[in-house]
Asker: 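Next up is a structure, given as C-alpha coordinates.
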Number of protein chains: 2
Amino acid sequence: MTSDSTSLPRTYSISELARMFEVTPRTIRFYEQEGLLEPQRRGQMRIYLDKDRVRLKLTLRGKRLGFSLAEIREVIELYDALPDGNARQLQRLLELLAEKRANLQRQEEDIRLMRKELDDVEGRCREALEALPENSED
Amino acid sequence: MTSDSTSLPRTYSISELARMFEVTPRTIRFYEQEGLLEPQRRGQMRIYLDKDRVRLKLTLRGKRLGFSLAEIREVIELYDALPDGNARQLQRLLELLAEKRANLQRQEEDIRLMRKELDDVEGRCREALEALPENSED
DNA sequence: CTCGGCGTTGACGTTAACGTAAATCACCGA
DNA sequence: TCGGTGATTTACGTTAACGTCAACGCCGAG
(Lines give C-alpha, C1' and ligand atoms only; values in the text may rest on other atoms or scores of the structure.)
Protein backbone atom coordinates (compact mmCIF):
# COMPACT_ATOMS: atom_id res chain seq x y z
CA MET A 1 0.00 0.00 0.00
CA THR A 2 1.30 3.43 -0.78
CA SER A 3 -1.30 5.30 1.25
CA ASP A 4 -3.68 4.37 3.99
CA SER A 5 -5.95 6.54 6.19
CA THR A 6 -7.97 9.15 4.33
CA SER A 7 -6.05 8.75 1.05
CA LEU A 8 -4.02 11.93 0.95
CA PRO A 9 -4.59 13.88 -2.27
CA ARG A 10 -2.20 13.32 -5.12
CA THR A 11 0.28 16.14 -5.56
CA TYR A 12 2.84 17.09 -8.17
CA SER A 13 6.11 18.92 -8.18
CA ILE A 14 6.71 21.57 -10.80
CA SER A 15 9.08 19.47 -12.88
CA GLU A 16 6.74 16.52 -12.65
CA LEU A 17 3.93 18.58 -14.05
CA ALA A 18 6.28 20.03 -16.63
CA ARG A 19 7.18 16.58 -17.90
CA MET A 20 3.54 15.52 -18.05
CA PHE A 21 2.70 18.30 -20.47
CA GLU A 22 6.04 18.72 -22.16
CA VAL A 23 6.56 22.28 -21.05
CA THR A 24 9.30 23.79 -18.92
CA PRO A 25 9.01 24.72 -15.25
CA ARG A 26 9.53 28.29 -16.39
CA THR A 27 6.32 28.11 -18.37
CA ILE A 28 4.40 26.85 -15.37
CA ARG A 29 5.75 29.60 -13.13
CA PHE A 30 4.91 32.12 -15.79
CA TYR A 31 1.33 30.90 -15.96
CA GLU A 32 1.08 31.28 -12.22
CA GLN A 33 2.41 34.81 -12.47
CA GLU A 34 -0.27 35.47 -15.06
CA GLY A 35 -2.96 34.27 -12.70
CA LEU A 36 -3.69 30.94 -14.38
CA LEU A 37 -2.46 28.70 -11.58
CA GLU A 38 -2.43 29.02 -7.80
CA PRO A 39 -0.46 26.13 -6.36
CA GLN A 40 -0.07 25.46 -2.66
CA ARG A 41 3.25 26.02 -0.96
CA ARG A 42 5.22 23.82 1.35
CA GLY A 43 7.95 26.06 2.61
CA GLN A 44 8.85 27.78 -0.57
CA MET A 45 8.23 24.87 -2.87
CA ARG A 46 5.15 24.82 -5.05
CA ILE A 47 2.77 21.92 -4.58
CA TYR A 48 0.33 21.25 -7.40
CA LEU A 49 -2.95 19.45 -6.98
CA ASP A 50 -5.16 17.82 -9.59
CA LYS A 51 -7.08 21.02 -9.87
CA ASP A 52 -3.91 22.75 -11.04
CA ARG A 53 -3.15 19.94 -13.43
CA VAL A 54 -6.56 20.34 -15.00
CA ARG A 55 -6.15 24.07 -15.28
CA LEU A 56 -2.83 23.65 -16.96
CA LYS A 57 -4.31 21.18 -19.39
CA LEU A 58 -7.12 23.56 -20.26
CA THR A 59 -4.70 26.44 -20.59
CA LEU A 60 -2.50 24.57 -23.03
CA ARG A 61 -5.49 23.45 -25.03
CA GLY A 62 -6.69 27.03 -25.18
CA LYS A 63 -3.30 28.08 -26.40
CA ARG A 64 -3.29 25.49 -29.17
CA LEU A 65 -6.59 26.97 -30.25
CA GLY A 66 -5.05 30.40 -30.45
CA PHE A 67 -6.43 31.98 -27.30
CA SER A 68 -4.20 34.36 -25.38
CA LEU A 69 -3.30 33.72 -21.78
CA ALA A 70 -5.27 36.82 -20.84
CA GLU A 71 -8.41 35.46 -22.48
CA ILE A 72 -8.00 32.13 -20.79
CA ARG A 73 -7.43 33.76 -17.45
CA GLU A 74 -10.62 35.76 -17.67
CA VAL A 75 -12.64 32.63 -18.20
CA ILE A 76 -10.88 30.85 -15.37
CA GLU A 77 -11.38 33.74 -12.98
CA LEU A 78 -15.07 33.95 -13.69
CA TYR A 79 -15.38 30.22 -13.49
CA ASP A 80 -13.74 30.19 -10.08
CA ALA A 81 -16.24 32.65 -8.72
CA LEU A 82 -18.96 30.47 -10.09
CA PRO A 83 -21.51 29.14 -7.72
CA ASP A 84 -21.60 32.46 -5.89
CA GLY A 85 -20.82 35.06 -8.51
CA ASN A 86 -23.01 38.09 -8.89
CA ALA A 87 -25.34 38.45 -11.84
CA ARG A 88 -23.05 40.76 -13.75
CA GLN A 89 -20.18 38.32 -13.49
CA LEU A 90 -22.37 35.45 -14.60
CA GLN A 91 -23.67 37.45 -17.52
CA ARG A 92 -20.13 38.34 -18.50
CA LEU A 93 -19.15 34.71 -18.33
CA LEU A 94 -21.97 33.77 -20.68
CA GLU A 95 -20.79 36.45 -23.07
CA LEU A 96 -17.28 35.08 -22.98
CA LEU A 97 -18.47 31.57 -23.58
CA ALA A 98 -20.44 32.71 -26.58
CA GLU A 99 -17.38 34.47 -27.95
CA LYS A 100 -15.30 31.35 -27.58
CA ARG A 101 -17.96 29.31 -29.30
CA ALA A 102 -17.99 31.71 -32.21
CA ASN A 103 -14.23 31.39 -32.40
CA LEU A 104 -14.42 27.64 -32.48
CA GLN A 105 -16.98 27.74 -35.22
CA ARG A 106 -14.87 30.00 -37.38
CA GLN A 107 -11.93 27.75 -36.76
CA GLU A 108 -13.85 24.72 -37.87
CA GLU A 109 -14.74 26.50 -41.06
CA ASP A 110 -11.11 27.47 -41.53
CA ILE A 111 -10.08 23.89 -41.01
CA ARG A 112 -12.58 22.72 -43.59
CA LEU A 113 -11.29 25.19 -46.15
CA MET A 114 -7.69 24.50 -45.31
CA ARG A 115 -8.25 20.79 -45.84
CA LYS A 116 -9.62 21.51 -49.27
CA GLU A 117 -6.51 23.52 -50.06
CA LEU A 118 -4.27 20.75 -48.83
CA ASP A 119 -6.14 18.22 -50.93
CA ASP A 120 -5.75 20.40 -53.97
CA VAL A 121 -2.05 21.00 -53.44
CA GLU A 122 -1.42 17.35 -52.74
CA GLY A 123 -3.19 16.42 -55.92
CA ARG A 124 -1.04 18.71 -58.00
CA CYS A 125 2.01 17.50 -56.18
CA ARG A 126 1.33 13.88 -57.00
CA GLU A 127 0.66 14.75 -60.61
CA ALA A 128 4.02 16.45 -60.74
CA LEU A 129 5.65 13.37 -59.26
CA GLU A 130 4.01 11.15 -61.89
CA ALA A 131 5.30 13.39 -64.61
CA LEU A 132 8.88 13.00 -63.47
CA PRO A 133 10.95 11.12 -66.06
CA GLU A 134 13.77 9.83 -63.83
CA ASN A 135 11.62 7.26 -62.02
CA SER A 136 13.45 4.05 -62.79
CA GLU A 137 13.93 2.73 -59.26
CA ASP A 138 17.59 1.78 -59.05
CA MET B 1 -17.20 50.40 -70.81
CA THR B 2 -14.31 50.52 -68.39
CA SER B 3 -12.13 48.11 -70.31
CA ASP B 4 -12.04 46.84 -73.85
CA SER B 5 -9.45 44.71 -75.71
CA THR B 6 -8.22 41.61 -73.91
CA SER B 7 -9.90 42.42 -70.58
CA LEU B 8 -6.98 43.70 -68.52
CA PRO B 9 -6.57 41.75 -65.25
CA ARG B 10 -8.11 43.14 -62.12
CA THR B 11 -5.57 44.79 -59.86
CA TYR B 12 -5.57 46.14 -56.32
CA SER B 13 -3.75 48.85 -54.47
CA ILE B 14 -2.28 48.07 -51.09
CA SER B 15 -4.90 49.95 -49.11
CA GLU B 16 -7.64 48.39 -51.18
CA LEU B 17 -6.40 44.94 -50.33
CA ALA B 18 -5.93 46.01 -46.73
CA ARG B 19 -9.57 47.04 -46.47
CA MET B 20 -10.76 43.81 -48.04
CA PHE B 21 -9.14 41.73 -45.33
CA GLU B 22 -9.23 44.19 -42.48
CA VAL B 23 -5.50 44.39 -42.05
CA THR B 24 -3.18 47.37 -42.34
CA PRO B 25 -0.94 48.14 -45.31
CA ARG B 26 1.95 47.63 -42.94
CA THR B 27 0.89 44.02 -42.48
CA ILE B 28 0.80 43.46 -46.21
CA ARG B 29 4.24 44.95 -46.71
CA PHE B 30 5.51 42.86 -43.88
CA TYR B 31 4.15 39.71 -45.49
CA GLU B 32 5.91 40.64 -48.69
CA GLN B 33 9.14 41.14 -46.80
CA GLU B 34 8.66 37.67 -45.33
CA GLY B 35 8.30 36.19 -48.79
CA LEU B 36 4.58 35.55 -48.73
CA LEU B 37 3.62 38.03 -51.44
CA GLU B 38 5.34 39.23 -54.60
CA PRO B 39 3.31 42.07 -56.06
CA GLN B 40 4.12 43.75 -59.34
CA ARG B 41 5.45 47.27 -59.40
CA ARG B 42 4.40 50.27 -61.40
CA GLY B 43 7.08 52.78 -60.69
CA GLN B 44 7.48 52.26 -57.03
CA MET B 45 3.87 51.48 -56.28
CA ARG B 46 2.85 47.92 -55.54
CA ILE B 47 0.26 46.38 -57.81
CA TYR B 48 -1.54 43.32 -56.51
CA LEU B 49 -3.20 40.73 -58.71
CA ASP B 50 -5.79 38.13 -57.83
CA LYS B 51 -3.02 35.67 -57.23
CA ASP B 52 -1.74 37.92 -54.45
CA ARG B 53 -5.20 38.34 -53.04
CA VAL B 54 -5.59 34.59 -52.82
CA ARG B 55 -2.22 34.21 -51.18
CA LEU B 56 -3.12 36.81 -48.63
CA LYS B 57 -6.38 35.06 -47.91
CA LEU B 58 -4.61 31.76 -47.41
CA THR B 59 -1.97 33.37 -45.26
CA LEU B 60 -4.53 34.92 -42.96
CA ARG B 61 -6.44 31.69 -42.72
CA GLY B 62 -3.25 29.89 -41.86
CA LYS B 63 -2.59 32.43 -39.17
CA ARG B 64 -6.02 31.98 -37.65
CA LEU B 65 -5.19 28.29 -37.44
CA GLY B 66 -2.02 29.04 -35.55
CA PHE B 67 0.57 28.55 -38.26
CA SER B 68 3.57 30.83 -38.28
CA LEU B 69 4.37 32.97 -41.26
CA ALA B 70 7.52 30.92 -41.77
CA GLU B 71 5.52 27.71 -42.01
CA ILE B 72 3.08 29.23 -44.42
CA ARG B 73 5.89 30.59 -46.56
CA GLU B 74 7.53 27.21 -46.87
CA VAL B 75 4.35 25.72 -48.23
CA ILE B 76 3.84 28.61 -50.62
CA GLU B 77 7.40 28.44 -51.90
CA LEU B 78 7.19 24.74 -52.60
CA TYR B 79 3.80 25.17 -54.16
CA ASP B 80 5.12 27.82 -56.48
CA ALA B 81 7.84 25.52 -57.77
CA LEU B 82 5.18 22.93 -58.34
CA PRO B 83 4.75 21.60 -61.79
CA ASP B 84 8.51 21.53 -62.28
CA GLY B 85 9.96 20.95 -58.85
CA ASN B 86 12.55 18.25 -58.35
CA ALA B 87 11.67 15.05 -56.55
CA ARG B 88 13.17 16.13 -53.26
CA GLN B 89 11.12 19.31 -53.25
CA LEU B 90 7.97 17.42 -54.06
CA GLN B 91 8.67 14.89 -51.35
CA ARG B 92 9.25 17.68 -48.88
CA LEU B 93 5.99 19.27 -49.89
CA LEU B 94 4.12 16.04 -49.22
CA GLU B 95 5.76 15.88 -45.82
CA LEU B 96 4.65 19.40 -45.03
CA LEU B 97 1.12 18.70 -46.14
CA ALA B 98 0.98 15.66 -43.90
CA GLU B 99 2.22 17.75 -40.99
CA LYS B 100 -0.46 20.33 -41.55
CA ARG B 101 -3.10 17.66 -41.76
CA ALA B 102 -1.96 16.25 -38.45
CA ASN B 103 -2.17 19.72 -36.99
CA LEU B 104 -5.69 20.18 -38.26
CA GLN B 105 -6.74 16.88 -36.81
CA ARG B 106 -5.37 17.71 -33.38
CA GLN B 107 -7.11 21.04 -33.57
CA GLU B 108 -10.41 19.41 -34.35
CA GLU B 109 -9.99 17.22 -31.31
CA ASP B 110 -9.11 20.25 -29.23
CA ILE B 111 -12.21 22.02 -30.50
CA ARG B 112 -14.35 19.06 -29.59
CA LEU B 113 -12.97 18.94 -26.07
CA MET B 114 -13.16 22.68 -25.66
CA ARG B 115 -16.82 22.62 -26.67
CA LYS B 116 -17.49 20.08 -23.96
CA GLU B 117 -15.79 22.35 -21.45
CA LEU B 118 -17.82 25.31 -22.61
CA ASP B 119 -21.02 23.32 -22.33
CA ASP B 120 -20.12 22.29 -18.83
CA VAL B 121 -19.22 25.78 -17.69
CA GLU B 122 -22.32 27.23 -19.28
CA GLY B 123 -24.43 24.67 -17.49
CA ARG B 124 -23.01 25.59 -14.12
CA CYS B 125 -23.31 29.22 -14.95
CA ARG B 126 -27.00 28.94 -15.73
CA GLU B 127 -27.57 26.97 -12.57
CA ALA B 128 -25.92 29.74 -10.61
CA LEU B 129 -28.14 32.27 -12.32
CA GLU B 130 -31.26 30.27 -11.41
CA ALA B 131 -30.15 30.15 -7.81
CA LEU B 132 -29.94 33.92 -7.59
CA PRO B 133 -32.57 35.28 -5.21
CA GLU B 134 -32.91 38.84 -6.56
CA ASN B 135 -34.68 37.80 -9.72
CA SER B 136 -38.03 39.53 -9.34
CA GLU B 137 -38.02 41.45 -12.62
CA ASP B 138 -39.43 44.69 -11.22
C1' DC C 1 2.41 75.92 -58.51
C1' DT C 2 1.07 73.82 -54.57
C1' DC C 3 -1.59 71.20 -51.75
C1' DG C 4 -3.76 67.06 -50.18
C1' DG C 5 -3.81 62.22 -50.51
C1' DC C 6 -1.86 57.92 -51.20
C1' DG C 7 2.31 55.31 -51.52
C1' DT C 8 7.24 54.16 -50.20
C1' DT C 9 11.31 53.28 -47.45
C1' DG C 10 13.85 53.07 -43.32
C1' DA C 11 14.17 52.66 -38.49
C1' DC C 12 12.94 52.18 -33.99
C1' DG C 13 9.11 50.68 -30.57
C1' DT C 14 5.95 47.25 -28.63
C1' DT C 15 3.61 43.07 -26.87
C1' DA C 16 3.11 38.24 -25.67
C1' DA C 17 5.17 34.31 -24.13
C1' DC C 18 8.44 32.54 -22.68
C1' DG C 19 14.21 31.46 -22.51
C1' DT C 20 18.37 31.89 -20.01
C1' DA C 21 21.48 32.74 -16.50
C1' DA C 22 23.08 33.87 -11.80
C1' DA C 23 22.67 33.60 -7.02
C1' DT C 24 20.52 31.36 -3.19
C1' DC C 25 18.12 27.85 -0.46
C1' DA C 26 16.96 23.10 1.23
C1' DC C 27 17.21 18.49 1.77
C1' DC C 28 19.39 13.91 1.33
C1' DG C 29 22.76 10.38 1.18
C1' DA C 30 27.77 8.85 1.52
C1' DT D 1 30.55 17.69 6.54
C1' DC D 2 30.19 17.88 1.89
C1' DG D 3 28.40 17.60 -2.55
C1' DG D 4 24.84 16.89 -5.67
C1' DT D 5 19.86 17.43 -7.04
C1' DG D 6 16.00 20.15 -7.52
C1' DA D 7 13.59 24.21 -6.19
C1' DT D 8 13.17 29.49 -5.94
C1' DT D 9 13.71 34.51 -7.04
C1' DT D 10 15.34 38.18 -9.88
C1' DA D 11 16.45 40.07 -13.90
C1' DC D 12 17.70 40.63 -18.40
C1' DG D 13 17.35 38.52 -23.31
C1' DT D 14 14.73 36.86 -27.32
C1' DT D 15 11.40 36.03 -31.13
C1' DA D 16 7.36 36.82 -33.99
C1' DA D 17 4.40 39.96 -35.86
C1' DC D 18 3.44 43.78 -36.49
C1' DG D 19 2.75 49.39 -34.86
C1' DT D 20 4.35 53.98 -35.26
C1' DC D 21 6.71 57.77 -36.99
C1' DA D 22 9.60 60.56 -39.96
C1' DA D 23 11.04 61.86 -44.35
C1' DC D 24 10.33 61.61 -48.93
C1' DG D 25 8.10 60.76 -53.91
C1' DC D 26 4.32 61.24 -57.18
C1' DC D 27 0.26 63.08 -59.13
C1' DG D 28 -4.23 65.06 -60.15
C1' DA D 29 -7.41 69.03 -58.87
C1' DG D 30 -7.89 73.72 -58.22
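Quick note on labels: first sequence line is chain A, next is B, and so on, each numbered from 1.
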Asker: Starting at atom CZ of A:Phe30, determine the distance to atom C1' of D:dT14, rounded to an integer number of angstrom.
Answerer: 13 Å
Asker: Measuring to OP1 and OP2 of D:dA16, would you say a side-chain N or O of B:Lys63 lies under 4.0 angstrom away?
Answerer: no
Asker: 5'-most contact on DNA chain D: A:Ile14 or B:Gln44, nearest heavy atom basis?
Answerer: A:Ile14
Asker: Rounded to whole angstrom units, what separation is found between the CZ atom of B:Arg41 and the P atom of D:dC26?
Answerer: 14 Å
Asker: Taking only the side-chain heavy atoms of B:Arg26 (C-beta and beyond), determine which of C:dC18, C:dT8, C:dA11 contains the nearest atom.
Answerer: C:dA11
Asker: Check the side chains of B:Tyr12 and B:Asp52 for a donor-acceptor pair under 3.5 angstrom, ignoring hydrogens and angles.
Answerer: no
Asker: Report the distance from atom CG of A:Leu36 to atom C1' of C:dA17, rounded to the nearest whole Å.
Answerer: 12 Å
Asker: Does D:dA7 have OP1 or OP2 sitting under 4.0 Å from an N or O in the side chain of A:Arg46?
Answerer: no
Asker: What is the distance from CD of A:Gln33 to C1' of C:dC18, rounded to the nearest Å?
Answerer: 10 Å
Asker: Mind checking if B:Arg29 touches a base, just sugar-phosphate, or nothing, with heavy atoms under 4.0 Å?
Answerer: base
Asker: Considering only side-chain heavy atoms of B:Thr24, which listed nucleotide, C:dG7, D:dT8, D:dG19, is closest?
Answerer: D:dG19
Asker: Please name the pair of heavy atoms, one in A:Leu94 and one in B:Glu122, separated by the smallest distance, quoted to 0.1 Å.
Answerer: CD2-CG, 3.9 Å
Asker: Would you say A:Tyr31 and A:Lys63 make side-chain contact, with heavy atoms under 4.5 Å?
Answerer: yes
Asker: Within the structure, does a side-chain N or O atom of B:Tyr31 lie under 4.0 Å from either OP1 or OP2 of D:dC18?
Answerer: yes
Asker: Between A:Ser13 and D:dG6, is there a contact of a side-chain N or O with OP1 or OP2 at under 4.0 Å?
Answerer: no
Asker: Tell me: CZ of B:Phe67 to C1' of D:dA16, nearest whole Å?
Answerer: 17 Å
Asker: Can we say B:Asp50 and B:Arg53 salt-bridge, meaning some charged N sits less than 4.0 Å from an Asp/Glu carboxylate O?
Answerer: yes
Asker: For A:Arg42 and A:Met45, indicate whether the former's side chain and the latter's backbone hold a donor-acceptor pair under 3.5 Å.
Answerer: no
Asker: Please classify the nucleic acid contact of B:Arg42 as base, sugar-phosphate, or nothing, using heavy-atom distances under 4.0 Å.
Answerer: nothing
Asker: Nearest whole Å is fine: how far is C:dA17 P from A:Glu32 CD?
Answerer: 17 Å
